Number of protein chains: 2
Amino acid sequence: MTTKKDLQTLVMMASRENNISSILFRNAVRNKVGLNITDSECLSFLGIKGVLTPKDISHYTGLTTGSTTAMLDRLENAEFIRRKPNPDDRRGALIEIHEKWVETSRPLVAGLQKEQAELIASYSDTELEIIADFLTRFTNNVKKHTQMIEDGLI
Amino acid sequence: MTTKKDLQTLVMMASRENNISSILFRNAVRNKVGLNITDSECLSFLGIKGVLTPKDISHYTGLTTGSTTAMLDRLENAEFIRRKPNPDDRRGALIEIHEKWVETSRPLVAGLQKEQAELIASYSDTELEIIADFLTRFTNNVKKHTQMIEDGLI
DNA sequence: ACTCTAAAATCAAGTTACTTTATTTTCAAG
DNA sequence: CTTGAAAATAAAGTAACTTGATTTTAGAGT
């Protein structure tokens, strides 16, 4: 009983440590490269979401549209992102990562990515299914509550 | 074969999504409460690490010591943190979360925390051990590479 | 005991980034 | 084909960050 409870606490704490560690890693990278925290977050979002509109980016980062424009100017100037015309809406733009950012960040992140891939490869299919299931459900809860806060339901 | 490969990719992507979702959740909370991004990060670090020195905080956030002092002034002024004398070093201080921040953030985070606890409770001991093991190893890799970057080894 | 170097935190001046408000262009509904 | 709203930008003012100097205390060497 106490064992099971401890195990549950362990997973909860491991999950929080995991999130914090990813932030600390990003901070280490950005300090090395000389990026501020929002610019770095923006590149992270683009890295996982792919192409985004400035509107999306201002939503994700919590910046105003004015700040987002200024940030995209900085990142475009550094050749870390690229503005493309949005074929579906001529008012807007589409933002994508520039190859130069991939090249700049690669030496700092490639080693970790390789080790994480090896770690994952060391688990059986059954285990991976459990892990993927857990992460997905956990993330879905987070997304749901994020939406609730944004909608003013909390 | 392709199945196993897909499963590995799925776990890698689920893990990244998990990290991003936690950032988006924090952004939603901080926008609701009116905190800027660094102040919010600082409170997150304090929440998981417990008591920290300003030196620790400037290291974790990547801020200079001057900015850290200003940030702690803001947070102390808002009664979200408390400065305590450091018994081991009279030059320094110890920073801890003020109860007011707990009260302020509780309504926004309590529901999610409850659901995550329920999610975790729905797994068997065997499954939880696999999940905890994975998260711990994954996090340790991240920590290791963070250290390597900070030490200039990358 | 007594220097002396260095570390922790703070402060002040200058720089960078963010918000607010207004403007331009385009979309989409009537 | 007008009209109200949305996407992005721009400019002015505010807030946050960096740099460099200062204060206080630790810890090492004499």
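What you are looking at is a predicted structure, and each value in this text was computed from that prediction instead of being measured. The chains referred to below are lettered A, B, ... by the order of the sequence lines, with proteins before strands, and numbering in each begins at 1.
- Taking the side-chain contact (heavy atoms from CB on, under 4.5 Å) definition, one finds that B:E129 meets it with A:L7, sequence neighbours left out.
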*asked:* Please determine whether side-chain hydrogen bond (donor to acceptor under 3.5 Å, both in side chains) holds for the pair B:T53 and B:D56, giving the CA-CA distance in whole Å, both sets of side-chain angles, and the decisive distance to 0.1 Å.
replied: CA-CA 5 Å; B:T53 66; B:D56 291 335; 3.1 Å; yes

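- Listed by first and then second residue, the salt bridge (Lys or Arg N to Asp or Glu O under 4.0 Å) pairs that reach into residues 16-29 of chain A are A:E17-B:K143, sequence neighbours excluded.
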For residues 146-154 of chain A, run the donor-acceptor check on the side chains, cut-off 3.5 Å, and write out each pair with its distance to 0.1 Å, sequence neighbours left out.
residue	atom	partner	partner atom	Å
A:T146	OG1	A:V142	O	2.8
A:Q147	NE2	A:D151	OD1	3.1
A:Q147	NE2	A:D151	OD2	3.4
A:E150	OE1	A:H59	NE2	3.2
A:E150	OE2	A:H59	NE2	3.1

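- Contact of the A:F45 side chain with the A:I57 side chain is not registered, since no non-hydrogen atoms from C-beta on lie closer than 4.5 Å.
- Atom C1' of nucleotide D:dA7 and atom CZ of A:R90 are separated by 14 Å, given to the nearest angstrom.
- Inter-axis angle, ends of the helix from C:dA1-D:dT30 to C:dG30-D:dC1, five pairs per end, rounded to 10 degrees: 40°.
- Identified under the salt bridge (Lys or Arg N to Asp or Glu O under 4.0 Å) test for residues 105-118 of chain B, with sequence neighbours left out: A:K144-B:E115, B:E103-B:R106, B:K114-B:E118.
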_Is there a side chain to side chain contact (heavy atoms under 4.5 Å, CB included) between A:L119 and A:S122? Walk through the geometry before answering._
CA-CA 5 Å; A:L119 171 64; A:S122 75; 4.3 Å; yes

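- Here the side chains of A:V33 and A:L108 are in contact, with some heavy-atom distance below 4.5 Å.
- The closest side-chain heavy-atom distance from A:V11 to B:L128 is below 4.5 Å.
- Going from atom CG of B:D88 over to atom P of D:dT25 covers 16 Å, rounded to whole Å.
- Listed by first and then second residue, the salt bridge (Lys or Arg N to Asp or Glu O under 4.0 Å) pairs involving residues 30-44 of chain B are B:D39-B:R74 (not counting sequence neighbours).
- Here salt bridge (Lys or Arg N to Asp or Glu O under 4.0 Å) pairs that include residues 83-98 of chain B, with residues two or more places apart or in two chains, are B:D73-B:R83, B:E76-B:R83, B:R82-B:E96, B:K84-B:E96, B:D89-B:R91.
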*Starting at the 5' end of nucleotides 8-21 of chain D, put B wherever the base has a protein heavy atom under 4.0 Å, S where only the sugar-phosphate does, and a dash everywhere else.*
SBB-----SSBB--

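- For DNA chain C, the contact window with chain B, defined by any atom under 4.0 Å from a protein heavy atom, covers C:dA7 to C:dC11 in 5' to 3' order.
- Residues that satisfy the side-chain contact (heavy atoms from CB on, under 4.5 Å) test with A:S67, not counting sequence neighbours, are A:L63, A:T64.
- Residues satisfying the ring pair (Phe, Tyr, Trp, His ring centres under 6.0 Å) criterion with B:F134, sequence neighbours excluded, are A:Y123, B:F138.
- DNA chain C is contacted by no residue of residues 146-153 of chain B, taking any non-hydrogen atom closer than 4.0 Å.
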